[in-house]
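Input: a single structure, listed below in structure tokens.
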Amino acid sequence: MLCYCPAAMESLSAVERGALVVSVEHHPLPLFTLRLRVEAPYPSVHPGQFAMVQAPTTLEPYLRRAFSVFTLQRAGESVGEGLELEIHGKVIGPGTAALAAAVPGRTLRLLAPLGRGFDLSGGGRAVLVAGGVGSAALSMLAEELVARRVEFDFVYGGRGQSDLAHGDRFGELARASGGEYFPVTEDGSHGERGLVTAPLSRLLHQGRCQRIFTCGPDPMMKAVCSLAEEHGAAVQAALETPMGCGYGACLGCVVPRRDGGLALCCRVGPVFDGREVAW
Amino acid sequence: MAIDPSAVDLAVELAGLRLANPLLSASGTFGYGLEFGALTRLEHFGGLVTKGLSLEPLVGNPPPRIAETRGGMLNSIGLQNIGIEAFVRDVLPGLADYPAQVIVNLFGYSRDEYARLAERVDGLPGIAAIELNVSCPNVKRGGIQFGHDPDQLSALVAAVRPTTSKPIIVKLSPNVTSPVELGLAAKDAGADILSAINTVVGMAIDSRTRRPLLATVKGGLSGPAIKPIALRIVFDVARGVGLPVMAIGGVESVDDVLEFVLAGASAVQVGTALFRRPDTVEQLVEGLRQRLAGDGVRSVRELVGGVELGGSPP
Ligand SMILES: Cc1cc2nc3c(=O)[nH]c(=O)nc-3n(C[C@H](O)[C@H](O)[C@H](O)COP(=O)(O)OP(=O)(O)OC[C@H]3O[C@@H](n4cnc5c(N)ncnc54)[C@H](O)[C@@H]3O)c2cc1C
Ligand SMILES: Cc1cc2nc3c(=O)[nH]c(=O)nc-3n(C[C@H](O)[C@H](O)[C@H](O)COP(=O)(O)O)c2cc1C
Ligand code: FES
């Protein structure tokens with residue numbers, strides 16, 4: 001019933017730090033990739049975990065914004081030079097607009113890593129299904145699967161070509177794992193015309209998909225989860241809810257579960273077993 | 001005239017409640033405290049007010065429960081909490097390791113429920129005071145009905161008073177014409193301290209979808225947007241009631257803390273700012289110490305109610 005019990009809650013590994021803005025890469029509007037530098041030592045980040053990023057404004061937005069950790073790398077040759085952490089975002093309101101306009105050389109506040117990421121314990125061939133900027137949540141996962149020699153396909157959907165930022169990177173990672181890359185656009189401007197569910201259901205029928213990892217708009221994830229269920233494939237979905245704090249204090253981020261309960265997206269999630277969510 | 005920061009005395013006392021410094025986390029904005037020890041040093045907190053606790057656990061309202069608005073946020077959490085027994089059993093023992101005073105925020109559907117909650121914690125040495133939440137706008141019944149009517153409030157406080165020897169804090173609602181009238185009712189019935197304010201009832205609509213941003217349509221506004229309202233109420237209540245006051249509402253800077261102290265608050269609770277930055281209380285305690293040292297103020301107590309009104313327009 002109640003999923004929130006502080007005594008039962010996993011302890012937080014997140015740290016509160018200043019982060020130097022290294023660069024902002026602008027893709028076709030409204031997409032951007034923000035690169036931040038943090039001092040070492042920094043806690044390790046599990047694929048699917050996220051960061052709460054403070055926009056360089058004071059009142060609008062007031063609260064931080066949640067972003068998946070897109071990449072995390074050493075900033076230089078030695079560990080002591082710190083780490084570079086990227087977020088990949090889409091401008092949809094004041095918070096994302098302020099981050100897209102961040103000035104290199106300035107410092108932002110960053111709380112990370114937060115939440116529980118993807119569970120990699122199961123076996124089997126995987127398919128990663130991303131919708132637009134939801135691809136950000138699957139980026140470190142794709143790297144990790146390559147490192148673990150797990151073969152996967154990457155299905156990347158959007159309205160048009162410009163929604164598929166970093167497509168080359170995801171294609172390379174999928175191929176490095178031995179799998180394939182399937183871009184899908186609603187307007188047919190790139191790859192297959194249609195929705196991500198088309199290639200996914202082919203892969204499921206071909207028996208090339210034992211488990212699915214997905215992040216994107218809710219209706220897309222809902223469709224992906226029901227396909228998975230039809231075919232008996234495991235599915236993990238990275239959810240996005242409005243988040244006040246990202247660390248379990250505001251109780252604002254609840255996700256309705258099929259068992260009738262509510263789960264805190266920022267602590268129990270953001271990755272959920274797709275079958276547990278009341279879509 | 002600057003003095004050494006270590007010589008600044010931040011300790012305050014409100015009706016027997018002693019705090020090492022005047023800064024506390026506000027109810028519902030820092031869980032039960034313990035969970036976030038990794039993000040801030042709890043030992044720097046003057047006190048910690050728990051999430052509203054009820055006799056039985058509550059699941060709270062359906063999502064979406066929060067929406068950001070300019071300079072603040074609306075919430076309709078609906079008092080999701082683990083219940084008083086789980087708190088006493090699982091959380092309270094861990095809090096004993098910290099010097100921060102623990103204040104339990106209590107919520108009930110009836111006078112009797114408040115009295116039972118207060119009685120349940122009366123014998124527990126780990127709890128320094130109780131705060132009666134009679135001002136939560138996010139539950140359909142209980143709570144707020146007591147906070148909006150002086151007769152009901154006084155009956156409630158009178159019912160709780162005999163059950164506890166701990167200081168009783170009554171948390172006032174801003175959503176009334178005269179908070180002073182309610183403060184006086186609470187005082188006459190035996191309250192020791194007033195805290196003000198709870199959230200301000202508000203609403204937001206998404207103009208594109210034409211739907212309210214909260215599932216409950218209306219919710220409670222908090223954050224910097226409500227600070228001037230809170231300051232006015234703290235000022236009125238401190239002068240008009242004569243009980244020690246804990247200020248709450250939009251505090252995020254040392255200036256905010258000092259404004260509330262000058263308006264008459266002996267202590268200050270920090271809420272929404274903790275969502276933006278989990279170590280805000282710790283930062284404010286240090287910032288306040290530095291500021292008072294720089295201004296040559298030896299004790300924060302010297303400033304309580306010290307707003308200069310002479311010469312200002314009538
Ligand atoms: C765990 C987690 C990880 C996330 N990772 C990423 C990421 O990697 N990249 C990224 O771009 N975004 C990500 N998001 C979403 C991101 O946090 C929001 O886009 C951001 O908070 C919007 O802030 P804003 O001030 O720009 O817009 P707001 O003013 O907050 O929102 C503008 C409008 O968009 C709506 N809205 C808000 N959030 C969303 C959403 N998630 N989806 C659709 N509509 C929304 C609002 O209701 C409002 O109408 C993530 C969210 C969560 C919870
Ligand atoms: C998410 C959230 C939950 C809250 N829960 C409670 C609660 O359980 N009991 C209570 O008395 N006040 C509750 N409050 C009110 C705060 O304690 C505080 O009075 C109010 O937010 C104003 O302070 P602020 O502007 O610093 O946040 C809550 C506020 C927020 C934002
Ligand atoms: S975002 Fe605040 S509790 Fe999850």
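Chain naming here is simple, since letters A, B, ... match the order of the sequence lines and numbering starts at 1 in each.
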Contact summary for [X] and [Y], nearest pair of heavy atoms:
X: B:Phe275; Y: A:Cys250; result: CZ-CB, 3.3 Å
X: B:Leu39; Y: A:Ala14; result: CD2-O, 3.4 Å
X: B:Gln80; Y: A:Leu251; result: O-CD1, 3.6 Å
X: A:Leu12; Y: B:Phe36; result: CD1-CD2, 3.9 Å

Heavy atoms from other residues, nucleotides or ligands near [atom1] of [X] exceed 12 (cutoff 6.0 Å):
X: A:Arg258; atom1: CZ; value: yes
X: B:Glu43; atom1: CD; value: yes
X: A:Glu60; atom1: CD; value: yes

statement: Looking only at A:Thr241, A:Leu59, A:Leu63, most heavy-atom pairs under 4.5 Å shared with chain B are made by A:Leu63

task: Would you mind telling me which of B:Ala67, B:Pro63, B:Gly72 has the largest number of heavy-atom pairs within less than 4.5 Å of chain A?
output: B:Pro63

- prompt: Top residue by heavy-atom pair count (under 4.5 Å) with chain A, among B:Arg277, B:Arg65, B:Arg276?
  reply: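 Ranked by contacts with chain A, first place is B:Arg276.
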
field: Heavy-atom side-chain contact between A:Tyr62 and B:Glu68 under 4.5 Å
entry: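 Yes; the side chains approach each other to less than 4.5 Å.
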
Using non-hydrogen atoms only, which part of [X] is less than 4.5 Å away from chain B: side chain, backbone, both, or neither?
X: A:Arg17; value: neither
X: A:Leu111; value: side chain
X: A:Met52; value: neither

message: If I measure from the heavy atoms of chain A, does B:Ala225 come under 4.5 Å with its side chain, its backbone, both, or neither?
response: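 No part of it gets close to chain A.
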
